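Here is the structure we will look at, set down as structure tokens.
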Amino acid sequence: MGFRNLFGKEIRSMLPLYGVFAVVMVALDFFILYKSKTWANDVEMVLSLMIPFIFAGVLAVGTGYYQLQSEWKTNSIYLLLSLPIRGWKVLTAKLAAVLCLFLGTLLWIAACFSVILLRSKWGELMEAAEPSQWLPGLLNTAANSLWMYVLVVLFLTAVSQFAFLCGQLVAKLKWLVVLSAFLGAVWLVIRVTPLLSQLLEWTPDIFFGGLDLDAAYLHSGPFIVLLLLSIGLIWLNGYIFEKEVEV
Amino acid sequence: MSMSMSMEDREIMIELKGINKHYLLKQALTGIDLQIRKGSIVGLLGPNGSGKSTLLKMMAGLIYPTSGSIRVNGREPDVRNKQHIAYLPEIDNLYGWMTVKETLRFLSGFYSDWQADKAAEMLQTMELGENQKVRNLSKGMRARLKLIAALSRKVPLVLLDEPFSGIDPPSRSKIIRSIIQEFQSDEQTILLSTHSVGESEPMFDDVIFLHSGRIKLFDSAENLRENFGCSLENIWEKVYA
């Protein structure tokens with residue numbers, strides 16, 4: 001009940017921001033549709049899909065940091081710290097809310113692209129090749145890219161929470177500590193992941209692509225390690241929040 | 001306040017031994033030894049910066065001592081202990097974007113001891129509109145809302161840090177009457193810090209006078225009045241002169 005309360009509170013507090021982003025996406029896609037006669041397809045794809053997807057990830061990571069910063073700024077941290085709920089649950093509720101809104105945003109971007117832009121080019125696509133030839137590969141690539149992207153955003157959001165909490169442990173030069181903690185954590189994971197993933201050589205590979213397209217087999221080890229490190233970092237963040245941070 | 005048992009027979013609710021709290025450039029608390037028994041309303045008095053808020057935060061489990069031991073309700077202040085403590089901080093700690101109703105509903109989800117009827121009754125008594133956003137409430141109204149949040153729970157320990165701050169004098173009397181009315185003397189302990197000594201004096205069973213992080217005086221209100229021959233408000237002036 002407590003976790004659900006916190007999760008609902010986080011979703012409600014961030015909804016206006018993501019709502020504005022959703023409206024901006026619709027406006028952007030209509031603008032691109034208006035310009036589609038003069039712009040190349042690649043430019044449309046980059047502006048309507050790639051850049052918004054990347055921006056959504058950056059927004060999620062930034063929101064992860066901002067969630068904690070606003071608790072301290074508005075003094076609602078006093079309320080959170082006096083609740084009978086473990087630190088990792090408080091922070092996981094925030095992470096879960098960010099990820100849900102992030103996934104929702106990605107779906108919205110894809111839906112806007114499909115409904116506003118892709119619809120006008122659907123006939124061309126059908127004539128170019130049979131859907132059965134390209135659809136399975138496209139779905140495989142999209143699904144694999146999605147979970148990998150979500151995993152990276154989850155990790156970076158946990159790191160941004162970690163960096164903020166490290167900043168709260170010092171009285172002066174907070175920004176320096178925050179930056180060092182963020183960069184240090186990312187560097188450490190990049191260094192450690194290949195070493196640890198060697199222990200997971202027995203795990204299956206991930207098939208990336210389609211049968212008639214260039215396919216890649218990616219070792220799942222690094223992704224499992226990244227997931228485990230993210231879980232470990234969430235636990236560490238919860239410990240720092242509960243035991244070390246003071247107000 | 002009359003007791004059915006003598007103070008010595010009552011269990012110890014809060015025990016502090018050799019508590020020190022040191023920040024980067026400041027010693028907030030020094031050598032605090034304290035035992036507060038169940039079933040009393042204790043006044044925590046002292047000027048600004050004397051360590052009252054630090055002491056209450058420590059009991060609520062928001063901060064930890066640099067050295068010494070603290071036991072609240074028989075255990076160290078931790079997450080599980082917070083289930084049995086209602087803490088009202090001095091600062092505004094509520095979410096401005098929530099309404100009054102949403103705030104109380106949000107808080108009720110964390111506590112099995114939440115008394116919805118009592119909260120509704122107090123909302124009416126304190127004349128707070130349910131649908132008002134917290135950020136649109138005046139300072140006094142936010143103070144009342146915090147008080148409702150703390151007193152709507154049936155807990156063995158209630159910690160109130162400057163609960164009357166920002167509240168007009170007539171409302172303070174109403175709140176004091178409400179605290180005394182709701183106080184369950186056999187099961188509950190209230191620790192209250194305030195600068196409004198005159199108004200809250202009738203409530204106190206015991207009083208702690210803090211100064212520069214140390215306990216200057218700790219005794220029953222009755223003994224202090226007898227020994228000093230004056231009210232607590234006048235004792236304040238003598239202690240901090």
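Below, chain A is the first sequence line, B the second, and so on; all start at residue 1. Predicted, not measured: the structure shown is a model, and the values here were computed from it.
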- Do you know which of A/R4, A/E244, A/E71, A/K172 has the most heavy-atom pairs with chain B at a distance under 4.5 angstrom? A/E71
- Message: I need the A/L83 CG to B/L107 CG distance, nearest 0.5 Å.
- Response: 7.0 Å
- Message: Is it the case that over 12 heavy atoms from other parts of the model lie below 6.0 angstrom from the OH atom of A/Y65?
- Response: yes
- Message: Does atom CE (A/M45) have a neighbourhood of more than 12 heavy atoms from anything else shown, all under 6.0 Å?
- Response: no
- Message: To the nearest 0.5 Å, what is the distance between CD1 on B/I91 and CG on A/N75?
- Response: 3.5 Å
- Between B/K82, B/M98, B/R105, which has the largest tally of heavy atom pairs under 4.5 Å with chain A? B/K82
- Message: For B/Y64, I'd like to know if atom OH has over 12 heavy atoms of other residues, nucleotides or ligands within 6.0 Å.
- Response: yes
- Rounded to the nearest 0.5 Å, how far apart are NZ of B/K57 and CG of A/L81? 10.0 Å
- Task: Drop me the distance from B/F110's CZ to A/I85's CD1, to the nearest 0.5 angstrom.
- Result: 5.5 Å
- Item | Over 12 foreign heavy atoms within 6.0 Å of CH2, A/W108 | no
- Applying a strict 4.5 Å limit to non-hydrogen atoms, the region of A/I77 in contact with chain B is neither
- Query: Got more than 12 heavy atoms from elsewhere within 6.0 Å of NZ, A/K89?
  - Reply: no
- Item | Residues, nucleotides or ligands: over 12 heavy atoms within 6.0 Å of B/D168 CG | yes
- Which heavy atom in B/Y23 sits nearest to a heavy atom in A/V247, and how many Å separate them? OH-O, 4.4 Å
- Task: With a 4.5 Å cut-off on heavy-atom pairs, point out which of A/G8, A/G87, A/S82 contacts chain B the most.
- Result: A/S82
- Query: What residue among B/L62, B/L88, B/D92 forms side chain to side chain contact (heavy atoms under 4.5 Å, CB included) with A/Y78?
  - Reply: B/L62
- Message: To the closest 0.5 Å, what do you measure between OG1 (B/T54) and CD (A/E246)?
- Response: 9.5 Å
- Query: Around B/R80, counting heavy atoms of other residues, nucleotides and ligands shown, do more than 12 lie under 6.0 Å from its CZ?
  - Reply: no
- By a 4.5 Å heavy-atom criterion (distance strictly below it), what part of A/S13 contacts chain B: side chain, backbone, both, or neither? both
- Message: Does atom CH2 (A/W72) have a neighbourhood of more than 12 heavy atoms from anything else shown, all under 6.0 Å?
- Response: yes
- Rounded to the nearest 0.5 angstrom, the CH2-OG distance for B/W97 and A/S76 is 10.0 Å
- Is the shortest distance from a Lys or Arg side-chain nitrogen in A/K9 or B/E102 to a carboxylate oxygen in the other one below 4.0 Å? no
